Amino acid sequence: MEIHLNITSVAALIGDPTRAAILLALADLRALPAGELAKIAKVSPQTASSHLAKLMAGGLISVETWGRYRYYRLASPEVAKVLESLAGIASPAPVSSLRQSEQFKDVKICAHLL
């Protein structure tokens, strides 16, 4: 029964839209500062800090301090693999604007070139 609790707690962390956006921004294994992650997730820096703390407590991300700056990254390549697997089975989000449509076209073109 304990393993089920571990899976559900990780799934709950990943399942939040803001935390998912943060994790996906880190999926290329780069380290990013909290301010940039807040912009990507379209939340305030305070909200991002709260989500980053939850992701750190859950073991999904780690933090590195460089001088007075803190940079966040995925805790391991396994986290990136989980995100990639979930993206592979997730249905595409509905396109609700011209901008999203153009971004989707760009992604499809880039994916085709790979």
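The first residue of the sequence shown is numbered 1, and numbering continues consecutively from there. Given the structure is predicted, the values throughout are model-derived calculations rather than measurements. What you see below is based on every heavy atom in this structure, not just the backbone, and it leaves out hydrogens, waters and symmetry mates.
Between atom CZ of residue Arg73 and atom CG of residue Leu29 there is a gap of 7.5 Å, rounded to the nearest 0.5 Å. Here the straight-line distance linking atom CG of Leu24 with atom CG of Leu74 works out to 9.0 Å at 0.5 Å rounding. Atom OG1 of residue Thr47 and atom CG of residue Leu37 lie 13.5 Å apart, to the nearest 0.5 angstrom. Between atom CG of residue Leu26 and atom CD1 of residue Ile40 there is a gap of 7.5 Å, rounded to the nearest 0.5 Å. With rounding to the nearest 0.5 angstrom, the CD1 atom of Ile22 is 11.0 Å from the CG atom of Leu13. Between atom CD1 of residue Ile61 and atom NE2 of residue His51 there is a gap of 11.5 Å, rounded to the nearest 0.5 Å.
Residues Val82 and Leu60 are not in side-chain contact: their nearest non-hydrogen atoms beyond the backbone lie 4.5 Å or more apart.
Minimum interatomic distance between Ala34 and Ala48 (heavy atoms only, all atoms of both residues): O-CB, 4.4 Å. Shortest non-hydrogen contact noted between Asp16 and Thr18 is OD2-N, 3.0 Å. Of all heavy-atom pairs between Tyr72 and Pro33, the closest is CD1-C, 4.5 Å.
Using a 4.5 Å cut-off between side-chain heavy atoms of Ile, Leu, Val, Met, Phe, Trp and Tyr, with links allowed through other members, Tyr71 and Met56 fall into different hydrophobic clusters.
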